[in-house]
Amino acid sequence: MALLEDLKWRYATKKMNGQKVPQEKLDYILEAARFAPSSSGLQPYKIFVISDKEKLEQIRAFSFDQSQITDCSHLLVWAAWDGYSEARIDDVFVRTTRERGLPTNTMDDYKKMLLSMYEPLGKTWQESHSAKQAYISFGMAIAAAAEQKVDATPMEGFDNAKLDELLGLPQQGLKSAVILPIGYRDESNDWLVNLKKVRVSKEAFATEIA
Ligand SMILES: Cc1cc2nc3c(=O)[nH]c(=O)nc-3n(C[C@H](O)[C@H](O)[C@H](O)COP(=O)(O)O)c2cc1C
């Protein structure tokens, strides 16, 4: 029940008050994001945590001037792999087998199968698949923030190419997927804070096939 109450408490905050999120709460949110499941456990994304004022001003300028970007405590950016490669997949399975104390070649067949499945699907499919994994982590972070009574605004309203350039993502084989300013609501200046949360009805949402 507690999680549901937290999810009902949260909302896509439109006005934040500039207050800092304590380090332990930030760490908690990042850990929830890190522990998200991903397809084949690849975790094909990284998170950038930005609190540099100048950078935030620059980002706001190509994000529809959304004030949460400069009034937040930290801006989290999910940057997903720009494609799958043998080296990238190898790296994951070498680490996995090492941490589990298994022979390094344990996952060789699985790795070959993954590569033979992903390669023909091309870069665009691969990028989109990586971004989908990033969104799972993003969802976990949103829920964790709510649990910590930290406000957050999920955001796609920014220029991906400009953010990629600002953060030097192409050089790292990454592309921005989605961003999340976290901080605290400015109750008296947020037009959304007291409006009813609207969702499709349970009946329309879930179809039971028993
Ligand atoms: C992927 C995604 C992108 C979004 N982009 C923005 C955005 O750029 N700016 C914004 O103010 N809200 C954005 N939202 C917030 C949604 O409008 C909001 O989550 C939705 O209306 C439901 O309202 P609630 O989050 O307050 O419950 C986004 C939400 C998601 C999940």
Side-chain angles (χ1 to χ4, degrees), residues 1-19 21 25 29-30 32-33 36-39 43-51 55-81 124 127-167 169 174-202 204-206:
M1 283 309 278
L3 176 62
L4 264 191
E5 287 311 310
D6 293 334
L7 293 179
K8 288 176 186 173
W9 170 84
R10 66 145 299 278
Y11 73 111
T13 310
K14 301 300 172 195
K15 187 84 183 102
M16 292 189 177
N17 65 11
Q19 197 187 321
V21 172
K25 287 188 185 253
I29 294 163
L30 293 174
S38 60
S39 184
Q43 291 183 285
Y45 51 82
K46 288 186 174 182
I47 299 184
F48 291 78
V49 183
I50 307 173
S51 54
K55 281 261 183 310
L56 293 174
E57 290 287 354
Q58 286 173 300
I59 296 169
R60 177 172 170 174
F62 52 73
S63 305
F64 299 96
D65 197 31
Q66 298 191 74
S67 67
Q68 306 94 315
I69 292 180
T70 48
D71 294 340
C72 70
S73 169
H74 299 84
L75 179 71
L76 312 187
V77 175
W78 275 257
W81 290 359
T124 307
E127 272 173 33
S128 149
H129 192 251
S130 297
K132 284 181 195 167
Q133 313 314 309
Y135 272 79
I136 300 171
S137 164
F138 175 68
M140 296 286 177
I142 293 169
E147 196 207 357
Q148 295 297 306
K149 292 287 180 285
V150 169
D151 284 299
T153 317
M155 280 191 183
E156 282 176 329
F158 64 96
D159 185 322
N160 295 67
K162 287 191 175 147
L163 184 56
D164 293 357
E165 193 193 328
L166 185 74
L167 300 180
L169 299 184
L174 297 170
K175 286 189 156 198
S176 58
V178 70
I179 63 177
L180 188 72
I182 60 167
Y184 293 97
R185 63 189 70 177
D186 177 353
E187 296 242 26
S188 41
N189 290 302
D190 192 331
W191 59 266
L192 189 56
V193 68
N194 291 318
L195 292 185
K196 183 179 187 293
K197 187 178 282 296
V198 180
R199 293 293 191 265
V200 294
S201 68
K202 278 190 223 169
F205 183 66

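One-based numbering, in listed order, for ligands and for the atoms of each.
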Where ligand 1 meets Lys14 - atom numbers and elements under 4.0 angstrom, heavy-atom basis: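 Counting atoms of ligand 1 from 1, those under 4.0 Å from Lys14 are 10 (C), 11 (O), 12 (N).
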
Element-labelled atoms of ligand 1 that are located less than 4.0 Å from some non-hydrogen atom of Tyr11: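 So the atoms of ligand 1 that pass are 26 (O).
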
Nearest non-hydrogen partners of Lys8 and Lys197, listed with the distance: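 Nearest heavy atoms, Lys8 then Lys197: O-CE, 3.5 Å.
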
Met140 and Pro37, any side-chain heavy atoms less than 4.5 Å apart: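 Yes, at least one pair of side-chain atoms sits under 4.5 Å.
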
Min side-chain heavy-atom separation Leu174-Leu167 under 4.5 Å: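 Not touching, per the 4.5 Å side-chain cut-off.
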
Any donor-acceptor N/O pair, Asp164 side chain to Ser176 backbone, under 3.5 Å: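 Checking the backbone N and O of Ser176 against the side chain of Asp164, a donor-acceptor pair under 3.5 Å is found.
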
Any donor-acceptor N/O pair, Ser38 side chain to Gln43 backbone, under 3.5 Å: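 Checking the backbone N and O of Gln43 against the side chain of Ser38, a donor-acceptor pair under 3.5 Å is found.
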
Protein non-hydrogen atom below 4.0 angstrom of atom 17 (O) of ligand 1 present: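 Protein heavy atoms within 4.0 Å of atom 17 (O) of ligand 1 - there are none.
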
Verify atom 21 (O) of ligand 1: protein non-hydrogen atom under 4.0 angstrom away: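 Flag for atom 21 (O) of ligand 1 set to false, no protein heavy atom closer than 4.0 Å.
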
Value rounded to 0.5 Å, distance of CD in Gln19 from CG in Asp186: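 Between atom CD of Gln19 and atom CG of Asp186 there are 10.5 Å.
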
Top protein contact for atom 25 (O) of ligand 1, by heavy-atom distance: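 Ranked first by proximity to atom 25 (O) of ligand 1 is Arg10 NH2, 2.7 Å.
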
Contact (N/O only, under 3.5 Å) between Gly157 and ligand 1: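 The answer is yes, given that Gly157 and ligand 1 share an N or O pair closer than 3.5 Å.
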
Pairs under 3.5 angstrom only: tabulate donor-acceptor contacts from the side chains of residues 71-81 to other protein residues two or more places apart or in another chain.
unit_1	atom_1	unit_2	atom_2	d
Asp71	OD2	Lys15	NZ	2.8
Ser73	OG	Val21	N	2.8
Trp78	NE1	Ser137	OG	2.8

Minimum non-hydrogen distance to atom 1 (C) of ligand 1, winning option of Glu156, Gln68, Lys197, Gln66: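 Comparing heavy atoms across Glu156, Gln68, Lys197, Gln66, the nearest one to atom 1 (C) of ligand 1 lies in Glu156.
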
Heavy-atom proximity to atom 14 (N) of ligand 1, best of Pro154, Ser67, Ala12: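 Answer by nearest heavy atom: Pro154.
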
Proximity to ligand 1 by part of Arg199, non-hydrogen separation under 4.0 Å: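 Within the 4.0 Å criterion, Arg199 contacts ligand 1 through side-chain atoms alone.
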
